[in-house]
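Start at 1 and go down the list; that is how both ligands and their atoms are numbered. The analysis underlying the following values was restricted to heavy atoms, covering all of them including side chains, and did not include hydrogens, waters or symmetry mates.
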Amino acid sequence: MRIETRAIHAGRRIDPATGAVTPPIHLSTTFERSSTGEYPLGYSYSRESNPNRKTLELCLADLEGGKEALCFASGLAVSTAIVQGLEPGDHILAPDDVYWGLRKVIGDVFAKAQIATDYIDMSRPDVVRAALRPQTRLIWVETPSNPLMKITDLAAIAGIARDAGPNVMTVCDGTFATPVLQQPLECGIDMVAHSTTKYISGHSDVVGGVLITRHDNYLFERARKAQRYGGGVPSPFDCWLTHRGIDTLPYRVRAHSENAMRVACWLSAHPQVEKVHYPGLRGHAGHEIAARQMSAFGGMLSFQVRGDRARAMDVAARCELFIRATSLGGAHSLIEHRASVEGPDTKTPQNLLRCSIGLEHADDLIADLEAALADW
Ligand SMILES: *Cc1c(COP(=O)(O)O)cnc(C)c1O
């Protein structure tokens, strides 16, 4: 069945106890054993497994075309579980513009783990191949990336990892694309990670993460242990909210993409805009790959204003519809000056603003940006 149908039905069933169409939230932390000591329904204790988490995991595994999924309390809990599964002496390849939180996980949380990491230009397969070491165990990919919306050729990276041997695992952070726009596992990537906080839950009201695997592998098994015994699990209510958001995911993501395309086109013709970063634009370096591996280009874009940091801050300050806030993937449009969030060693241009294009009417979003960019 198509993704619209699976988003609504995968993992779901009518509640056998009550006939409820909308699933109940199972707050019980503990589940009854039979007189012979088994757990006949498969649940024993809510950290290990919970009905709301289980149905969400079934749904997300289905949407990605994966074998199995593990839900975590946040997107970064997924990254933590993966890095925790590596061993001293192991080597990671990660994008030089990777979501900043992964750098924190590797550099701070696992500072003493003796894991080496090279941050490289993942959009260039030749660079990736040259950076491989005998100790490389993980290639972390993020596409589209943040905030320049760089595109990585997933099939090319999967091929490089395959050539390098069975010990090299690939993980794609697909948060910006969602399973609706891009299917990394079909491209040969081993596992997909999402911050479900963003488009998947879709309403800026719940933090969560998921790891989905194409096949059984040791890193996924270690992530399972990190989930169950490390204990970074989402609450039943968080799972319920996330699952509710998924009902409308395919329609939302397509509307986000259409709006973003309109805003990107409009911005690229504006005299006060120096550059627009959106993979849907023909001039974008990753456009051709994106057109091949994505079904639409997503709701995230960034643009550089003509001028400096103060000018960019001023444009953000003059927006009235766009909300000045971090994060993405909700119904409301957000605008953010990334460099000031990322701190003094950021490579993000100071005149850059990142937008999460929401579900308002595109004409209203354009009118807001027009007013914010005018009269300079
Ligand atoms: C937000 C985000 C994360 C981290 O997820 P949290 O749910 O905030 O922990 C990871 N990767 C990307 C691309 C993100 O946007």
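Counting heavy atoms of neighbouring residues, nucleotides and ligands inside a 6.0 Å radius, atom CD of Glu288 does not exceed 12 of them.
A salt bridge links Asp363 to Arg262: one of the charged nitrogens lies within less than 4.0 Å of a carboxylate oxygen.
Side-chain contact of Thr326 with Glu336: a donor-acceptor pair under 3.5 Å is present, judged by distance alone.
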Contact table, ligand 1 N/O with protein N/O, distance under 3.5 Å:
residue  : atom   : partner : partner atom : Å
ligand 1 : 5 (O)  : Ser195  : OG           : 3.0
ligand 1 : 7 (O)  : Gly75   : N            : 2.9
ligand 1 : 7 (O)  : Ser195  : OG           : 2.8
ligand 1 : 7 (O)  : Thr197  : OG1          : 2.7
ligand 1 : 9 (O)  : Gly75   : N            : 3.1
ligand 1 : 9 (O)  : Leu76   : N            : 2.8
ligand 1 : 11 (N) : Asp173  : OD2          : 2.6
ligand 1 : 15 (O) : Lys198  : NZ           : 2.7

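Each of Thr143, Ile139, Ile151 was checked for a side chain to side chain contact (heavy atoms under 4.5 Å, CB included) with Met122, and the lone residue meeting it is Ile139.
In this structure, Arg254 forms a cation-pi arrangement with Tyr251, its terminal cationic atom sitting closer than 6.0 Å to the ring centre and no more than 45° off the ring axis.
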Hey, can you pull the donor-acceptor pairs under 3.5 Å for the side chains in residues 96-107, sequence neighbours left out?
residue : atom : partner : partner atom : Å
Asp97   : OD2  : Ser145  : OG           : 2.6
Arg103  : NH2  : Asp96   : O            : 2.8

